[in-house]
Amino acid sequence: MGPGTAWYLAVAGFLFGVGALGVLIRRNPLIVLLSLEIMLNGANLALIAFARHLNNGDGQIFALAVMAVAASEVVVGLGLIVALNRKRVPLDVDRLSSLRG
Amino acid sequence: MIVASVGNVLVWAVWLGAAFACLGSAVAVVSFTNPFYSALALIGNLGSLAVLYLLLSSEFVAAAQVLVYAGAVMVMFLFVIAYIGPRTESPWTGGPTWQTIGAVLAAGAILVEIVVAIGLKAGGSLSHSHHVDGAFGTPSYIGRLFLTDHLLAFEITSIVLLVAAIGGVILGAHSRTTADEVPSL
């Protein structure tokens, strides 16, 4: 017997907390996106741990869907960052306070 | 019996290594000042998560994790970081502001809430898990689930990816058309 499901869930919870901290305190939008990936991966680890725990593949399907959504989110987020950089807007989420183009 | 205990120790050793690599690289992503190093640390995080997925007998998800995340997504991240140039930003300079303190408190509250929810709600029932059969987590198992029970989710995922690709093209092409004004005929 290896480590039980609770150990995996503890790692998943810690990953989610660290990712949330990064999203909240960092001001560079690139690092905000990276921290968002950590949060999504924490949720994925919990899904896969529960799939193994319950001997049910639905959690793995959900994790793969989360992965596809994360890839889409990165495409749109990085596209926005490149567009901001072309318009010479400062890359600082605290200063991006207006939606005017 | 001895073989079983050796295997047990090996599984625990691999788990401990992967879990601590995972947590350490997550802290590194959040605390590094250079985004390039943060992205490299995230690659380590994704790799150690793939090891954890393998320990949970989810081979296909582990392979997809390495291919999609460490292969495709992180290459795009590193490309964009190289494109916009290095911008270091130290998160801890200037002393803690009310914003930082509030963020740390909120993140700590989320962590405590998750741990309490896990520990109190599910306490004893998480120690024993069902036995999984050999086909669990193999590509054929995942493929059968995707094409029978979860066909709608499969199709919606493909539409989401298509829309994201269109959005990426539009976001990337927008400023070029405005800079050139009228395209020459």
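Order of the sequence lines sets the chain letters (A, B, ...), proteins ahead of strands, with each chain counted from 1.
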Euclidean distance, A:Thr5 OG1 relative to A:Phe50 CZ, rounded to 0.5 Å: 7.5 Å
Region of A:Phe62 that comes under 4.5 Å of a non-hydrogen atom in chain B: neither
Under 4.5 Å from any heavy atom of chain B - which part of A:Ile48: both
Residue selection (most heavy-atom pairs with chain A, distance under 4.5 Å) from B:Thr157, B:Val163, B:Ile110, B:Leu161: B:Leu161
Shared hydrophobic cluster, A:Val18 / B:Phe20 (ILVMFWY, side-chain heavy atoms < 4.5 Å): yes
Contact class of B:Gln65 relative to chain A, heavy atoms under 4.5 angstrom: both
Proximity breakdown for B:Phe79 and chain A, heavy-atom pairs closer than 4.5 Å: neither
Pick from B:Leu23, B:Leu16, B:Val27, B:Ile114 with the largest number of heavy-atom pairs that fall under 4.5 Å of chain A: B:Leu23
Over 12 foreign heavy atoms within 6.0 Å of CD, B:Glu155: yes
Side chain / backbone / both / neither for B:Tyr69 at chain A, heavy atoms under 4.5 Å: side chain
Same cluster (ILVMFWY, side-chain, under 4.5 Å), A:Ile38 and B:Met76: yes
Top of B:Val160, B:Leu111, B:Leu49 for chain A proximity - count of heavy-atom pairs under 4.5 angstrom: B:Leu49
Top contributor to chain A interface from B:Asp149, B:Val68, B:Leu42 [non-hydrogen pairs under 4.5 Å]: B:Leu42
Side chains of B:Glu59 and B:Tyr53, donor plus acceptor under 3.5 Å: no
Structural part of B:Val80 lying under 4.5 Å from a heavy atom of chain A: side chain
Path from A:Ile61 to B:Leu152 over hydrophobic side-chain contacts below 4.5 Å: no
Same apolar cluster (I L V M F W Y, side chains within < 4.5 Å links), A:Val69/A:Val75: no
Which atoms of B:Leu56 approach chain A - backbone, side chain, both or neither, heavy atom under 4.5 Å: both
Heavy-atom contact with chain A under 4.5 Å, split by part of B:Leu10: neither
Region of B:Ser38 in contact with chain A, defined by heavy-atom distances below 4.5 Å: both
Main-chain N/O of B:Arg144 paired with B:Thr148 side-chain donor or acceptor, under 3.5 Å: yes
Part of A:Phe14 lying under 4.5 Å from any heavy atom of chain B: both
Which atoms of B:Ala26 approach chain A - backbone, side chain, both or neither, heavy atom under 4.5 Å: both
Aromatic ring pairing A:Trp7/B:Trp12, orientation class (parallel under 30°, perpendicular over 60°, tilted between): perpendicular
Contact class of A:Asn56 relative to chain B, heavy atoms under 4.5 angstrom: backbone
B:Gly172 backbone acceptor or donor facing A:Arg86 side chain under 3.5 Å: yes
Whether B:Tyr141 and B:Phe136 hold their rings parallel, tilted or perpendicular, with breakpoints at 30° and 60°: tilted
Greatest number of heavy atom pairs closer than 4.5 Å to chain A - which of B:Val73, B:Ile81, B:Ile84: B:Ile84
Proximal component of A:Asn85, with respect to chain B [non-hydrogen, under 4.5 Å]: side chain
